[in-house]
Amino acid sequence: TRRMTECIQQTFGFQDLGNRKVEADFRGGNLSADGGILLLREVDRSSGMIGQLAGCFTDFRDQNLIEHTVSDLLRQRVFGMAMGYEDLNDHDTLRCDPVMALGVGKSDPLGLNRGGANRGKPLAGKSTLNRLELTNAKTGEGVLPGGVHKIRADFAAIETLLIRLAVSRLREDTDEIVLDFDATDSLLHGNQEGKFFHGYYDSYCYLPLYCFIGSWPVLAQLRTSNRDACEGTVEALEKIVPIIRERFPEARVILRGDSGFARESIFAWCEENGIFYVTGLAKNAVLLRHLDPAMFRAKADACVRGGYCTRFCEFTYSTAKSWSRTRRIIGKAQVNPKGENPRFVVTNLTGEPPQWRPEPLYREFYCARGNMENRIKEQQLDLFADRMSCEVMSANQLRLWLSTFAYVLMIDLRERGLSKSKVYAKASPAIIRTHLLKIAAVVTVSVRRVMVRWSSSFRFQAEVAACCARLQGAPG
């Protein structure tokens, strides 16, 4: 039989431009759309974060037979997330990207020294990265002799590293540290381990517990959703607070959370360990009776203020059985055209300093916890923290951590390189990535130099130049 010749189109024609033809091909050379990854490489070089993360893994592979170290694999995965590549499948094509290889630290960014089918592919493929994520799930407590899953993660060490990184980013003169706790949903679409239906979110999901200090993530703990939203908070505090005290022994530490964290176990632990707390408190008939005088005045004032008025009050309160003592309550009596909107906060902060009086404590301090919810959204939407597609929870927990370290990397870039920028000092990771990291680049390699030529028509040249200058002058 006659064999048909496979034809691959080399040149692509498009609509003419006046009297000129418009054609395109894939013969432009070693180009990449991710030229800004060099900024991430500079941040990581300065902070050493990926190297520290690699220290939380034990590599049982024969080091004489490998081409990709644990640091290389982690850097490729974390940088990939930071650059917008959420899935391991992306790395089967990314492994050919010369700028990604340069960012990871490959001495042969074009892959010309590799043999066989791997020639021209300097980076690891999806299968190698997949084994990194699945080793703990596949091998149990030990490593299977002769198996392919040989890079074991120490989950306790990773958890501690994340806390230490966040604490190390705080200014030396910090005298108040706010621990923002919250739980969120991570939707599941298959038969993953730990799958449960959650009534509030109306879906099958995980219920990860987060803690932030400002913009810095301190805790990202994956949990099943068949539990109280605050479960694990005391255990988390037992890990976080001692590390804070090592560096800031005199700092005031305040736990802040919504009403889901108004639990006796959390309050009691904080009171026993010198930690302050400010959490929401679900309304009940007793609390509403305490708020009645303030609500009466608010409704009276709303009549002459266009239907809007808010008043604050404070009182002491204890539950009938669950609380061990009476505690200070801040009540907000709000009236608007839709009706009454009572809210309550419980705290052990005294009202003597002006900032802890009822109104500023509620408006300026408690309401600021909404910023933390934005940080969770950024991590999930911009860095794929909700990509829980592995079958087992241990692999999904590792994915959640890798996303969290990618978030730390992006915030490091913002704080170290963009803090003086009027546009990007508070920009989200997605904006930073789209504006400053997605740069068309040509890579040429010689014996003595790797030259990355960024696009001469790039819109944000001045911003990238300023960022480079600040990164190269920033302390580690």
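All values below were derived from every heavy atom in this structure, side-chain atoms included, with hydrogens, water molecules and symmetry-related copies excluded.
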Check the orientation of H435 and F460. Use parallel for under 30°, tilted for 30 to 60°, and perpendicular for over 60°.
parallel

Nearest 0.5 Å, what's the CG-CD1 distance between D62 and I66?
8.5 Å

Between [X] and [Y], is there a donor-acceptor pair closer than 3.5 Å when you use the side chain of the first and the backbone of the second?
| X | Y | result |
| --- | --- | --- |
| D182 | Y210 | no |
| D154 | A156 | yes |
| R223 | L207 | yes |
| S46 | V43 | no |
| R247 | V167 | yes |
| Q192 | M388 | yes |
| Q63 | R61 | yes |
| D34 | I37 | no |
| D92 | K126 | yes |
| S203 | C205 | no |

Verdict with supporting geometry, D180 and R375, salt bridge (Lys or Arg N to Asp or Glu O under 4.0 Å)
CA-CA 11 Å; D180 279 312; R375 305 293 82 77; over 6 Å; no

Closest non-hydrogen atom pair, [X] against [Y]:
| X | Y | answer |
| --- | --- | --- |
| Y407 | L383 | CA-CD1, 3.3 Å |
| A166 | V218 | CB-CG2, 3.8 Å |
| S394 | A137 | OG-CB, 3.3 Å |
| L222 | L400 | N-CD2, 4.0 Å |
| R256 | A368 | NH1-CB, 3.6 Å |
| Q379 | T404 | NE2-OG1, 2.7 Å |

Verify side-chain hydrogen bond (donor to acceptor under 3.5 Å, both in side chains) between S324 and E264, making sure each step is shown before the conclusion.
CA-CA 7 Å; S324 61; E264 170 64 23; 2.7 Å; yes

Will you find, in the side chains of [X] and [Y], an N or O donor that is under 3.5 Å from an N or O acceptor?
| X | Y | value |
| --- | --- | --- |
| R470 | S419 | yes |
| D72 | T69 | yes |
| T233 | R263 | no |
| R327 | Y277 | yes |

Would you please test K239 and E159 for salt bridge (Lys or Arg N to Asp or Glu O under 4.0 Å) and show each step?
CA-CA 9 Å; K239 299 172 184 177; E159 195 173 50; 2.6 Å; yes

Exercise answer: donor-acceptor pairs, residues 449-456 side-chain atoms, under 3.5 Å, sequence neighbours excluded:
unit_1: W454; atom_1: NE1; unit_2: G35; atom_2: O; d: 3.2
unit_1: S455; atom_1: OG; unit_2: S457; atom_2: N; d: 3.2
unit_1: S455; atom_1: OG; unit_2: S457; atom_2: OG; d: 3.2

Answer yes or no: is there a side-chain heavy-atom contact under 4.5 Å between V253 and F248?
no

Under the criterion side chain to side chain donor-acceptor pair (under 3.5 Å), which of H68, K106, H91 is the partner of Q76?
H91

Tell me, yes or no, whether the heavy-atom count around F196 atom CZ, taken from other residues, nucleotides or ligands under 6.0 Å, exceeds 12.
yes

Under 4.0 Å between a Lys/Arg side-chain N and an Asp/Glu carboxylate O for [X] and [Y]?
| X | Y | result |
| --- | --- | --- |
| E67 | K121 | no |
| K377 | E373 | no |
| R433 | D382 | no |

Quick one: ring-ring contact (aromatic ring centres under 6.0 Å, His included) partners of F57, sequence neighbours excluded?
none

Residue pairs involving residues 384-406 (criterion salt bridge (Lys or Arg N to Asp or Glu O under 4.0 Å); sequence neighbours excluded)
E86-R387, D87-R387, E133-R399

Quick one: do I213 and V178 satisfy side-chain contact (heavy atoms from CB on, under 4.5 Å)? Show the steps, please.
CA-CA 6 Å; I213 299 176; V178 180; over 6 Å; no

Cation-aromatic face contact R41/F79, 6.0 Å, 45 degrees
no

